Structures are given as C-alpha cells and as structure tokens.
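The next block holds one structure in the form of structure tokens; read it before the comments.
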Number of protein chains: 2
Amino acid sequence: MYVSLKDVAARSGVSFQTASKVLNGRSGVVSPSTRERILRAAAELGYVPNAMARGLVRQASVTVGVLADDFSDLAVSQFVLAAQRAAASRGHGALISSVHADVDAELAVRKLLEYRVDGILVAAPSLEDDPRLGDALRGPLPVVSINRIHGGGVPTIGSDHAVTGALAAEHLLGLGHRRIGTVTGPRRRQVTQRRMRGFREALRAAGRPLPERRVVEADWTYDGGWAATHQLLDADPTVTAVFVHNDVMAMGALKALHERGLRLPADCSVVGCDDLSFTGYLVPPLTTVRIPFQETGERAATLLLDRIAGQDIPARDLLPVELVVRESTTSPKDGEE
Amino acid sequence: MYVSLKDVAARSGVSFQTASKVLNGRSGVVSPSTRERILRAAAELGYVPNAMARGLVRQASVTVGVLADDFSDLAVSQFVLAAQRAAASRGHGALISSVHADVDAELAVRKLLEYRVDGILVAAPSLEDDPRLGDALRGPLPVVSINRIHGGGVPTIGSDHAVTGALAAEHLLGLGHRRIGTVTGPRRRQVTQRRMRGFREALRAAGRPLPERRVVEADWTYDGGWAATHQLLDADPTVTAVFVHNDVMAMGALKALHERGLRLPADCSVVGCDDLSFTGYLVPPLTTVRIPFQETGERAATLLLDRIAGQDIPARDLLPVELVVRESTTSPKDGEE
DNA sequence: CAGAGTTAGGCGAACGTTCGCTTTCACTGG
DNA sequence: CCAGTGAAAGCGAACGTTCGCCTAACTCTG
C-alpha cells in the first residue's frame with residue numbers, strides 16, 4: 001500500500017540505499033543529477049518515509065509520550081496542547097495516554113514504553129501520591145512532570161504555589177480585608193499545601209493569622225466550590241473576602257455568594273486561581289492569580305527534548321505567577337475587626 | 001537499553017521465535033513448562049515488546065492519528081479525550097497532531113502517515129473549507145471526521161445542527177417570545193448555516209420569520225459574543241430573547257445584557273449551545289442545547305476502529321442533541337409584538 | 001516394532017530503514 | 001604511464017519482531 005525506498009530506487013535506477021541518502025539520510029554524497037532523479041521519482045510515487053522502520057534502526061522513535069490524567073480539564077488540555085506544539089516544532093510526535101479509573105498508571109506507562117517513546121511528559125496531578133506511577137517512571141527514560149512524582153527522582157516544572165497563596169493574601173490585605181477565608185483544593189495535594197503555606201504566612205506576617213474555621217476544603221469542582229463557600233460563610237458569616245484555589249471553584253463561590261444575597265464585590269471579594277480564559281467574563285469579572293499553563297507546557301516539552309538530546313536539565317523549575325486584578329475584589333465596607 | 005526477545009530467549013534457553021510465541025504471538029503451541037520459563041525470564045529482565053518492530057512486520061501500527069485544530073477549546077478537548085479513551089480501550093495508541101497557523105494541514109497529515117497510523121480522526125472544524133486538507137485525507141487510509149471535509153468522501157459524524165436551531169427556536173416560541181435575535185458563528189461555517197436553517201424554519205413555521213437585523217455574526221469567542229450582543233440590541237432594542245450559537249459567546253452575551261442594565265432572564269432570555277461544564281454556574285444558569293461532544297468522540301473512534309477492522313461504516317451519522325432548560329429563559333413580560 | 005500421527009520447538013525470511021564500508025571509475029600529477 | 005586521490009554509488013548487516021514451514025522426538029496403534 002505504501003511506497004518504499006525500494007520502489008523509488010527501482011524507478012530511478014539506483015540502489016535503495018542511495019535513495020535513502022537523498023530522501024531521508026544525512027550522510028553520503030550523491031550527484032546532483034541522480035539526486036534530482038530520485039526526488040522526482042519519490043514525488044511521482046508519493047513516497048512517505050516509514051517512521052517505524054527508521055525508529056527501529058536509529059533506536060529512537062522521535063516521539064514523546066504525554067501522560068495526562070484528565071485533559072477535559074481546561075488547565076491540563078492547555079498544557080497538553082502547548083507541549084504537543086513545542087514537541088512538534090522540534091520534530092517530535094506526541095503519543096497521548098490518559099490515566100483514569102479504568103486504566104492504571106503502570107499500564108499507561110507501559111504502553112508508551114512499547115511504542116519506545118523517547119521521553120515522557122507527565123501531567124497527572126491526581127496521581128502525585130501513587131507510588132506505582134513513581135516506580136514506573138523512574139528509569140533510564142527521560143521524564144519531565146508538572147506535578148510531584150511519588151518518590152522523587154523526576155524533574156518537575158511548575159509554578160510557585162507559595163507565591164500564589166502569598167499574592168492572593170497580600171492583595172486582599174492591601175485592600176484592607178481583615179477577615180479572609182479560603183476554599184482550598186484537597187488538603188493532601190502538594191499544590192494545596194504550598195498555596196496554604198504562602199497564604200498563611202502572608203496573613204501571619206500581617207498580624208492576621210488564619211483561624212481554622214475560615215479554611216474549607218473542596219475538590220476543584222464547581223459544585224465543590226459552591227458547597228464549600230456556603231460552608232465557609234455558615235462557619236463565619238463575617239468574612240469579607242475569599243481566596244479560592246481555582247477558577248472553577250471560584251465560579252461556584254460566586255454563585256453561592258449571590259445566593260446568600262451578597263453584593264459582589266462590595267459585600268465579599270473573591271480571588272481565584274488559574275486565570276482560565278472565561279474568568280474575565282464572569283459577573284463580576286474575577287480577580288485571579290494567573291498560572292501559566294501554556295508556558296509550563298512549552299517549557300516542560302523543551303526541557304524534555306533537551307534532556308533527550310543529552311543535556312542536563314534542572315531538577316526543579318518554577319515559572320512565575322502573576323496577580324490579575326479584575327472586579328471581584330474591592331475594599332471592605334467596614335474597616336474594623 | 002531495552003531487553004529484546006533474544007535476551008529473554010537466551011536466558012530461558014529457547015530460540016527467540018519461541019519466546020515470541022509465548023510473549024506476543026498468537027500462533028503456535030509451547031509446553032507449559034517452557035512457557036513458564038520464558039515468562040519468568042521476561043519478568044526478571046523486564047521485557048517490553050517493541051511496537052515499532054511489530055508494526056513493521058505486521059504492517060499495522062495499532063495507532064490512530066488525531067488531527068485537531070484547537071483543543072484548548074473545551075469542546076475539542078472533550079472530543080479528543082473521549083476518542084483517545086475509546087481507542088485505548090481497543091488497544092490502539094493515539095498520536096496527536098495539531099494544526100494551527102504555523103503548521104499547515106498537509107504537513108500534519110503527512111507526519112501521521114509517516115508514523116503509519118492505521119486511521120485518522122479529524123476534529124478540525126476551522127479547516128472545513130481547506131481543499132488541501134480534503135485532498136490529503138482522501139486516500140486509502142480510513143478517516144472519520146467530526147466536521148465536513150472539503151470535497152467530501154470522508155465519513156462524518158456529528159450532531160444534528162438543524163435540530164439544534166429548531167429546538168432553540170421552539171423553546172423560545174413556546175415561552176411566548178416573538179422578537180427573537182441570534183448571535184451566530186461565522187456564516188461560512190456549515191454548522192452556522194445548518195443551525196440557522198433549522199432556527200429560521202421553526203420561526204417561519206410559527207409565522208414569525210426572522211428579519212436580518214436580528215442576526216449578528218460572531219466568531220465563537222467571549223469577546224465576539226459580547227460585541228455581537230451589543231450590536232444586536234443596538235439594531236433592535238425590542239428583542240426579548242437571543243439564541244447564541246455557543247456557550248462561550250453566550251457568556252459574553254450575558255455580560256453585555258448585564259451591562260445594558262437588563263435583568264436576566266426577565267428582560268431578555270438567552271439560549272446557548274454546547275452545554276459546557278460550567279454553564280450551570282453562570283448567572284443566571286444557562287439554558288442551552290446540549291451537544292454530545294464526548295459521545296461524538298467515542299462514536300467517531302469506534303467507527304474508525306470498525307472501519308480499520310474492515311467493516312463498512314455509514315458515510316454520515318448524527319447524534320441527538322437535547323435542550324437543557326435552566327434559568328436563563330423565561331416568558332417575556334409583554335405579550336404583544 | 002514399524003509406521004503414522006502428534007507435539008514442541010527451531011529456522012529462515014521478511015518488514016523498511018540507516019550506516020559504515022567497499023567498489024568502481026575517472027581524473028590528476030610526478 | 002601508473003600509483004594515488006576523490007567522488008559517486010553499491011553492498012551487507014543490523015534493528016526487533018512475526019509467521020509459515022520444517023524437523024526432531026515422542027506417543028500411539030496394530
């Protein structure tokens with residue numbers, strides 16, 4: 001069905017190895033006239049090189065594997081897209097493999113190994129505590145992850161979560177808020193802990209330590225954010241601002257605050273996290289800490305490819321986050337505690 | 001670096017072909033004892049079959065290519081994810097290739113061909129008019145697309161756009177609206193034309209033909225939807241309901257309506273399209289026509305794999321859409337025209 | 001105990017490349 | 001005139017599999 005080098009060679013009257021030299025190879029010299037002849041034959045026949053055969057002899061598939069847990073998540077899909085593009089721009093294909101309830105991480109990694117990917121990009125935050133994923137990933141193959149990998153040993157790239165928490169806290173403190181609550185991601189997750197650390201420290205440094213009743217854990221979802229916000233305001237109706245650990249939950253928070261009859265942002269300020277594309281269109285437009293998903297994907301892919309090319313890469317790399325101020329935050333009406 | 005069949009064979013004292021039989025093959029009989037021995041050796045050495053070598057001899061990569069234009073779009077990424085999972089559950093890998101400004105469609109298809117994918121799944125609505133994509137795709141390789149392909153000849157699966165438009169119109173008419181406007185996708189796009197046809201016909205059938213001033217074209221984006229909505233209300237401030245061709249633009253529409261001081265849905269009803277995950281959390285929660293992206297991805301992958309397996313598949317397959325009524329639609333305050 | 005049948009495993013070829021080495025041949029300079 | 005040089009092309013082996021066919025040895029059967 002496909003045309004092979006032999007076919008092209010036959011048509012142009014040379015050996016297939018010579019055809020290889022002009023069509024795919026990087027070695028060897030051929031005269032301009034035969035080169036021309038071979039090129040023409042290839043075009044006429046519609047020759048398309050066979051990457052599997054090439055990969056076999058070169059011992060490199062020129063392909064990276066992308067292991068993602070849930071890329072219907074906007075953040076993950078942005079990452080995957082950016083990574084794929086960066087890989088493509090350097091000539092690499094991207095083989096994706098998703099892990100979810102039905103298929104365990106080991107199997108997904110194994111599949112990628114079967115295809116002999118040259119490296120693996122991991123975007124599976126929900127699996128950061130899975131020791132089996134860690135074991136499967138630690139090996140001779142280059143790997144770069146955007147989340148912590150259990151057991152370590154895998155270069156990680158991400159954003160500075162502690163700074164994220166601190167930025168949110170400082171912004172709200174700067175506006176004059178004194179009773180600030182927070183809706184967090186799952187407590188066991190690194191990202192949650194780090195953000196909480198930065199957030200807590202900034203509050204403490206301002207002499208406003210965070211009481212536990214103003215911390216409610218949620219699960220990254222709209223519903224979770226909605227419920228947690230109600231819970232938070234039930235526990236302490238006096239809070240004037242809420243830091244929500246992602247934009248999706250922040251939407252739920254906005255809805256919950258609306259339902260309680262609060263005027264936004266006058267009665268309660270909200271800071272989100274992520275800066276998803278639609279956050280500027282919420283009512284009110286959401287102030288949020290921008291997490292550079294795309295840049296992370298690009299950078300992760302770049303590092304992975306560098307690593308594949310034999311270079312040394314840092315074990316850890318943090319991209320800067322940035323506060324995007326919109327209209328969901330303002331000064332509280334009352335100044336007193 | 002990798003362990004090959006020969007290594008396993010050497011350790012268990014058989015020929016590598018015999019090892020092949022027990023580890024990967026489907027043909028041939030080996031005694032339980034040697035099978036056991038080979039299995040043990042493979043486990044000890046950590047044997048992982050080489051899909052490239054297998055693909056080479058079997059003349060099948062057991063891989064599908066996914067050609068997407070922009071999967072940071074929630075709809076497309078849902079599709080891609082579902083397709084990847086469906087393919088994986090039938091043992092196929094998924095090689096993704098994105099087309100965008102920098103890389104033209106032909107090149108992307110060619111890359112997939114180099115990897116000798118067994119079939120291609122296309123999700124590139126923005127390229128529906130690209131004749132070169134059509135040409136690149138028409139060939140011996142099985143292809144299934146979720147959008148029209150220029151020049152035809154490619155099995156297409158999607159949802160019924162005319163019904164989508166009709167559902168929106170009928171819902172609004174049923175609520176008593178008489179002056180209904182619409183914010184459409186780009187006019188040249190099939191999906192826009194089809195939705196408009198269904199929408200128009202339903203209005204005409206109810207004796208309320210759609211005047212051109214109540215139709216504004218936009219570009220699927222928040223900003224576009226926002227601007228178009230303002231434009232629509234400038235052109236005809238009397239409209240009491242708007243049908244917006246996707247949820248993203250509908251968010252922009254909601255914002256624009258807010259800005260004009262209208263109370264929603266009392267002063268203006270809005271119907272969206274897609275039913276993205278967050279639409280239930282907008283203010284007000286959006287009534288929308290649900291497009292089954294995930295099911296489309298699954299079905300497309302299934303059809304493609306069936307096709308690869310040699311079965312005949314329909315040239316066209318439509319999945320049902322469904323109106324999801326939330327709170328952004330209600331009866332107009334005034335009944336008269 | 002010969003011959004047939006069965007079973008386990010080996011063997012060779014092929015898939016489509018790459019790559020280093022060898023061969024061929026024309027041309028050069030001493 | 002002939003060794004030496006250099007360019008152009010060919011050749012063989014290898015990459016890791018699969019698969020059909022072959023063979024050796026064992027087990028029956030009469």
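Being a predicted model, the structure only gives us computed values, none of them experimental. Order of the sequence lines fixes the chain letters, A, B, ..., with proteins taken first and strands second; residue numbering starts at 1 for each chain.
A salt bridge links A/Arg90 to A/Asp306: one of the charged nitrogens lies within less than 4.0 Å of a carboxylate oxygen. Using a cutoff of 4.0 Å between basic side-chain nitrogens and carboxylate oxygens, A/Arg189 and A/Asp129 are not scored as salt-bridged.
Residue A/Thr34 places at least one side-chain N or O closer than 4.0 Å to OP1 or OP2 of D/dA9. Side-chain nitrogen and oxygen atoms of B/Asn24 include none within less than 4.0 Å of the OP1 or OP2 phosphate oxygen of D/dT17. Taking side-chain N and O atoms only, A/Gln59 has a distance below 4.0 Å to OP1 or OP2 of D/dG16. The phosphate of D/dG16 has neither OP1 nor OP2 within less than 4.0 Å of any side-chain N or O from A/Tyr115.
The side chain of B/Thr18 lies closest to C/dG9 when the candidates are C/dG9, C/dT17, D/dT17. Across D/dT18, D/dG10, C/dG16, the shortest atom-to-atom separation from the side chain of A/Ser15 is found for D/dG10. For A/Arg58, the side-chain atoms get nearest to C/dC19 when compared with the rest of C/dA8, C/dT17, C/dC19. Each of C/dG10, D/dC19, C/dT17 was ranked by its minimum atom distance to the side chain of A/Phe16; first place goes to C/dT17.
Remark: of the listed residues A/Leu112, A/Ile120, A/Val64, A/Leu112 is the sole one forming a side-chain contact (heavy atoms from CB on, under 4.5 Å) with A/Leu95.
Computed from C1' positions of five pairs at each end, the angle between the two local axes of the helix from C/dC1-D/dG30 to C/dG30-D/dC1 equals 60°, rounded to 10 degrees.
Each of A/Arg54 and B/Ala19 has a nearest nucleotide on DNA chain C; the 5'-most of these lies closest to B/Ala19.
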